[in-house]
2 protein chains.
Amino acid sequence: MEFRQLRYFVAVAEEGNIGRAAHRLNVSQPPISRQIQALEYELGAVLLTRTPKGVDLTEAGRVFYADAQKVLSQAKNAMDRTRAAERGELGRLDIAFFGSTVYQTVPLMLRAFHRAQSEIEVSLTRMGKAEQVNALRDGRIHIGFGRYYNQAAGLEIELISREPLYAAIPADLALAKQDEVPLSDLASLPVVLYPAGDRPSFADEIISLFREADVEFDVDSVATDSTAALALIASGTRCTIVPEAIAALRFPALEFVLIKNCSTLAPSSCVYLAEDQPPVLKEFLKVLRSVSVSASVDTENASRGGFKSIGA
Amino acid sequence: MEFRQLRYFVAVAEEGNIGRAAHRLNVSQPPISRQIQALEYELGAVLLTRTPKGVDLTEAGRVFYADAQKVLSQAKNAMDRTRAAERGELGRLDIAFFGSTVYQTVPLMLRAFHRAQSEIEVSLTRMGKAEQVNALRDGRIHIGFGRYYNQAAGLEIELISREPLYAAIPADLALAKQDEVPLSDLASLPVVLYPAGDRPSFADEIISLFREADVEFDVDSVATDSTAALALIASGTRCTIVPEAIAALRFPALEFVLIKNCSTLAPSSCVYLAEDQPPVLKEFLKVLRSVSVSASVDTENASRGGFKSIGA
DNA sequence: TTGGTTGATACCGAAGGAGTATGGCGATGG
DNA sequence: CCATCGCCATACTCCTTCGGTATCAACCAA
């Protein structure tokens, strides 16, 4: 069975006349007759009864007509959908994330992407940064989100936004009552670092932050992630530094206080393969950049941390 | 786009390797490569990425693979369904009926046919006998049911069953109390005939019945159909003759009494075109005959009117 | 470097599709 | 009652296109 035969038969069924069908299809009449005959032979069914005025559908012909229409329209659909997929408007985007990007950057991007390309399915997996690189190379994910990545051959690392830093302080301390706190005031509290492993990480950022400010500090412990770090702090007289994405959350018995005169901003980045980017990824990057741009503009205009104002 | 291309692509997608797909399809490798290329060109989409070990699907390729499978299976379905329609196992059967066949013969046949061919839709229309013949010739119906048909060229008239006759008598008369009544006893009551028009009809059967028994009778009136006739009888001191199909029903203030020593039986027949019978009709006739046969056998064994015992 | 994969390309022969011309059949009109 | 018209089927030819063989280029692995 061939598509040509389906098209011919559908035209004949609708015209009720082989000659008119031929005219409509811009071919001569004999090919139509022959193809219909071939179709009838293959199906072992009489599809048309020949009348003086043209042809009538038999019951089998009516059944086949209805189905042939469906097949043709589904085939057309398949082509349209495939072309859409080629343009990156259809398909699935596999995303990995690490750490606190899940609180702000990732949902913001997903939201914007869904608005732009609602037909694209998205999968989201938590994944360490080294694992993200492997997954990218294996084609298991299209893009990874995180804060600090090592440059590597074939990888693009793209900065999305930078957020101000906050100190996370037990709510019952006097320090927690202020609007801002200078880094030097935190020297009295042991510092909890996070995450463990997968360097460079936010832990390194915190260390260099204190070093640059020339503030003595005491690393009390290293937590696996920010949630664990905050749980540690709430339980005692320790502190840590968090990016705004986390400070925007609320934790019991904890206050987040903006660090005074702090030029360091925590980056949100993404990583993807430099070459062979599938269309879905290209579409996603377009959306990502348009959001980043409007976020930057906003940052310039807003008093501080404009990135947050893009969300929601 | 051609079915061949869909089949080739599906095989390649499943094998992940053009050579293996070629082997599975029993063709050599170059045709597969070329058809896939043609497909990609027509779709304007890259479906496969060529790797050292074979090929991988792109996102567009995955989309097309899923849709191609659907198209192929739907096409196969269309062929199967059409073949089924050719065998008379699919489609619609248009039936007309006249008079009291609707009470017993028609529902019995429909029931048997539905059991045998549950995929076939049935339409049922009340239609005068002359109109049935026109509708058959126009192809508006496949078969008509009724009791008395005139032979005509191109028509087959097939007897389905014969039913004993009953007298319909007002319940308050003494005649109504008996198990059987001889025709001569009915001479005291005026007779209501039915149906009006569309000869020959059951009215003629009643007339010849009395004549053959050499019983004088008085035609009181002619009713349009059996229901009207029975309503007339219930209202006074008239009677009529009904076939068993009607006697099996219950009417208020009426009794149906078997006519004694009556050799006349009321036929149930059907009419259809002798030629160009669509498969659905042939299937229906098969079922009809098998039911008729088992009904006849039953008639021989049962004490009286065995046909009824087939129903329910 | 060198086999052994892989898919792509060139060329050829064969199959099948479309076009033109024509035939047969039934309906219609004079 | 015959001529004509409109319909579909068939015969024949041309050309497109498909598949097969042979070969090439690229890549991995030993």
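In the text below, chain A, chain B and the rest are named by the order of the sequence lines, each starting its count at 1.
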Please write out the pairs of protein N or O atoms and N or O atoms of nucleotides 16-21 of chain D separated by less than 3.5 Å, giving the distance to one decimal.
unit_1: D/dC18; atom_1: O5'; unit_2: B/Gln35; atom_2: NE2; d: 3.2
unit_1: D/dG19; atom_1: OP1; unit_2: B/Tyr8; atom_2: OH; d: 2.6
unit_1: D/dG19; atom_1: OP2; unit_2: B/Gln35; atom_2: NE2; d: 3.3
unit_1: D/dG19; atom_1: N7; unit_2: B/Arg34; atom_2: NH1; d: 3.0
unit_1: D/dG19; atom_1: N7; unit_2: B/Arg34; atom_2: NH2; d: 3.4
unit_1: D/dG20; atom_1: OP2; unit_2: B/Ser28; atom_2: N; d: 2.8
unit_1: D/dG20; atom_1: OP2; unit_2: B/Ser28; atom_2: OG; d: 3.0
unit_1: D/dG20; atom_1: O6; unit_2: B/Arg34; atom_2: NH2; d: 3.1

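Across C/dT6, D/dC8, C/dA27, the shortest atom-to-atom separation from the side chain of B/Asn17 is found for C/dT6.
Atoms CD (A/Gln37) and P (C/dA18) sit 13 Å apart, rounded to a whole Å. When the C1' atom of C/dG19 is taken as reference, atom CG of A/Leu25 falls 15 Å away, rounded to whole Å. One atom, CG of A/Leu57, and another, P of D/dC8, lie 13 Å apart when rounded to the nearest Å. Note: NZ (A/Lys53) to C1' (C/dC25) measures 16 Å, nearest angstrom. One can place CG of B/Leu39 at 13 Å from P of C/dA8, the figure rounded to the nearest angstrom. Protein atom CD1 of B/Ile18 is 11 Å distant from nucleotide atom P of C/dT9, rounded to whole Å. Note: CD (A/Glu15) to P (D/dC7) measures 12 Å, nearest angstrom. The distance between atom CG of A/Asp56 and atom P of D/dC7, rounded to the nearest whole Å, is 14 Å.
Between A/Lys129 and A/Asp198, none of the side-chain N atoms (NZ, or NE/NH1/NH2) sits under 4.0 Å from a carboxylate O, so this pair counts as no salt bridge. Ionic pairing of A/Arg199 and A/Asp204 is present here: one or more N-O contacts between side-chain nitrogen and carboxylate oxygen are shorter than 4.0 angstrom. Salt bridge status for B/Glu15 with B/Arg24: present, with a side-chain N to carboxylate O gap under 4.0 Å. Under 4.0 Å is where a charged nitrogen must lie from a carboxylate oxygen, and between A/Glu86 and A/Arg83 no such pair does.
If you look at B/Phe145 and B/Phe98, their ring centroids are not closer than 6.0 Å.
For C/dG7, the OP1/OP2 oxygens have no side-chain nitrogen or oxygen of B/Ser33 closer than 4.0 Å.
Applying the ring-ring contact (aromatic ring centres under 6.0 Å, His included) test to residues at least two apart or on different chains, the pairs with a partner in residues 106-135 of chain B are B/Phe113-B/Phe284.
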